[in-house]
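Not measured: the values here are computed from a predicted model.
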Amino acid sequence: MGQTIACANQKGGVGKTTTVVNVGTYLALAGQRALIVDGDPQGNATSGLGVDRAGLDLTLYEALTGAAELLDVVVATKIANLFIVPSSVGLAGAEMELAPTDQRERRLARLLAEVAPDYDYLLLDCPPSVGLLTVNALTAADAVLIPIQCEYYALEGLTQLIATVNLVRDNLNPDLEIKGVVLTMFDGRTNLSADVAAEVRRHLGAAVFDTIVPRSIRLSEAPSFGLPIALHRPDSKGAEAYAALAVELLARNGGQPSRAPATSPEARADAEPVPVGSARA
């Protein structure tokens with residue numbers, strides 16, 4: 001059964017979606033079968049992988065509200081071995097619709113249990129808030145991956161998130177662990193980035209990944225092309241960082257990639273993103 005990792009931080013703009021899309025891509029290119037679940041109503045992970053949200057009949061919203069089976073929502077991406085459960089703006093209303101239902105915090109966990117055996121990794125992109133969607137993701141996850149922007153107030157946001165993780169662990173998901181912290185948007189030209197990185201490592205030690213993701217124009221522009229960085233600019237510093245992060249994640253899980261993460265255009269699947277109808281397709 002695949003490992004489910006929620007990428008969470010209630011602070012916006014720290015690189016959650018960028019991390020999910022690019023780590024998922026490099027895991028797939030390393031031979032792992034990966035599923036991204038876009039749990040953010042903004043749908044940036046969906047569009048960032050080239051999926052046209054306007055052309056979708058079914059999204060995570062329909063699955064969460066019981067209008068569709070999750071297997072029918074999964075979409076194949078341009079990357080072989082990489083699939084996505086897309087989001088839509090309708091997901092913004094899901095919290096209110098689910099609020100009066102029984103076991104509302106476990107709705108996503110029940111859905112993912114149906115498809116988890118088909119994947120090596122399930123990566124959950126969380127919205128920048130601690131609402132019902134994020135709680136659902138943390139309840140469904142085996143572990144939490146926390147991106148931290150190398151800027152002021154980084155540790156303050158981390159403290160709040162860890163408190164939320166502890167609440168979920170105490171009340172809903174006792175097996176939830178912190179997979180690690182990823183330092184993002186590092187600017188080597190400033191003392192501030194270096195100071196924040198040092199402070200985070202001082203507080204969290206081995207929980208912080210060795211790989212540091214730099215601030216990168218190429219990473220920022222890749223979503224506008226509907227491509228992960230591996231297909232947009234595989235020779236960029238951002239691409240190198242996320243390839244290294246994927247390898248480090250595999251190593252932390254006691255595994256090794258079946259091959260080195262590919263970075264060439266040949267890694268593309270033959271077809272454009274299409275609904276697969278089943279996670280086994």
Side-chain angles (χ1 to χ4, degrees), residues 1-11 14 16-17 19-20 23-24 27 32-40 45 60 63-64 70-71 74 83-85 94-95 98-99 101-148 157-182 200 203-211 245-257 279:
M1 179 175 292
Q3 183 177 51
T4 302
I5 301 174
C7 189
N9 191 326
Q10 76 272 22
K11 189 175 185 298
V14 299
K16 290 187 299 296
T17 299
T19 297
V20 166
V23 168
L27 287 173
Q32 305 295 302
R33 190 170 168 89
L35 175 67
I36 290 174
V37 178
D38 190 350
D40 188 342
L60 179 59
L64 281 174
L70 191 64
L71 287 170
V74 176
F83 301 82
I84 186 169
V85 174
E95 293 196 2
L98 295 176
T101 64
D102 292 334
Q103 297 290 302
R104 57 186 177 271
E105 300 91 350
R106 302 185 185 278
R107 187 67 64 93
L108 182 59
R110 292 199 297 268
L111 291 174
L112 295 182
E114 302 172 5
V115 301
D118 297 318
Y119 298 96
D120 299 300
Y121 286 90
L122 294 87
L123 304 177
L124 316 182
D125 189 22
C126 298
S129 64
V130 186
L132 188 55
L133 292 174
T134 297
V135 171
N136 258 266
L138 295 176
T139 303
D142 301 308
V144 189
L145 181 65
I146 307 172
I148 292 183
L158 177 63
T159 300
Q160 295 170 358
L161 179 61
I162 290 177
T164 300
V165 169
N166 288 334
L167 282 172
V168 171
R169 184 187 290 132
D170 292 342
N171 296 282
L172 296 165
N173 184 3
D175 296 324
L176 182 64
E177 65 176 12
I178 294 178
K179 176 59 64 179
V181 172
V182 181
V200 171
H203 278 80
L204 298 174
V208 184
F209 281 87
D210 292 333
T211 302
L245 181 60
V247 171
E248 191 175 352
L249 177 62
L250 285 168
R252 285 198 177 199
N253 289 338
Q256 295 295 329

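- No side-chain heavy atom of Thr211 sits less than 4.5 Å from a side-chain heavy atom of Val247.
- Atoms CD1 and CG, on Ile178 and Leu158 in that order, are 7.5 Å from each other to the nearest 0.5 Å.
- Taking each heavy atom of Asp210 and Glu248 in turn, the nearest pair found is N-OE2, 2.7 Å.
- Smallest separation of non-hydrogen atoms from Lys16 and Pro128: NZ-CB, 3.8 Å.
- Pairs passing the side chain to side chain donor-acceptor pair (under 3.5 Å) check and including a residue from residues 157-166, sequence neighbours excluded, read Gln10-Gln160, Asn166-Arg169.
- Note: Leu249 CG to Thr19 OG1 = 11.0 Å, rounded to the nearest 0.5 Å.
- Annotation: side chain of Asn173 is in contact with side chain of Asp175 (closest heavy-atom distance under 4.5 Å).
- Nearest heavy atoms, Cys7 versus Val20: CB-CG2, 3.4 Å.
- In terms of heavy atoms, Ala140 sits closest to Leu112 at CB-CD1, 4.0 Å.
- For Glu177, the side-chain hydrogen bond (donor to acceptor under 3.5 Å, both in side chains) criterion is met by no residue, not counting sequence neighbours.
- Here Arg104 contributes atom CZ and Thr139 contributes atom OG1; the two are 11.0 Å apart, rounded to the nearest 0.5 Å.
- The side-chain heavy atoms of Leu145 and Val182, taken from C-beta on, include a pair separated by under 4.5 Å.
- Not counting sequence neighbours, Asn9 has no partner by the side-chain hydrogen bond (donor to acceptor under 3.5 Å, both in side chains) test.
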>> Let's go through Tyr119 and Leu27 carefully: what are the C-alpha distance in whole Å and the side-chain angles of both, what is the deciding distance for side chain to side chain contact (heavy atoms under 4.5 Å, CB included) to 0.1 Å, and is it a yes or a no?
In response: CA-CA 11 Å; Tyr119 298 96; Leu27 287 173; over 6 Å; no

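- Proximity of a side-chain donor or acceptor of Asp120 to a complementary backbone N or O of Gln32 within less than 3.5 Å is not detected.
- Residues that satisfy the side-chain hydrogen bond (donor to acceptor under 3.5 Å, both in side chains) test with Asn171, not counting sequence neighbours, are absent from this structure.
- The shortest distance between side-chain heavy atoms of Phe83 and Val115 does not fall below 4.5 Å.
- Closest heavy-atom contact between Leu60 and Gly39: CD2-CA, 3.8 Å.
- A donor-acceptor contact shorter than 3.5 Å is absent between the side chain of Asp40 and the backbone of Asp125.
- Atoms CZ and CG, on Arg107 and Leu98 in that order, are 5.0 Å from each other to the nearest 0.5 Å.
- Tested against Leu124 for a side-chain contact (heavy atoms from CB on, under 4.5 Å), the candidates Ile36, Leu35, Val37 yield a single pass: Val37.
- One finds the CG atom of Leu167 at 11.5 Å from the CG atom of Leu176 (value rounded to the nearest 0.5 Å).
- Residues forming a side-chain hydrogen bond (donor to acceptor under 3.5 Å, both in side chains) with Lys179 (at least two apart in sequence, or on another chain): Asn253.
- Atoms CG and CD1, on Leu204 and Ile148 in that order, are 6.5 Å from each other to the nearest 0.5 Å.
- Taking Thr134 as the reference, Cys126, Pro127, Leu138 meet the side-chain contact (heavy atoms from CB on, under 4.5 Å) condition, with sequence neighbours excluded.
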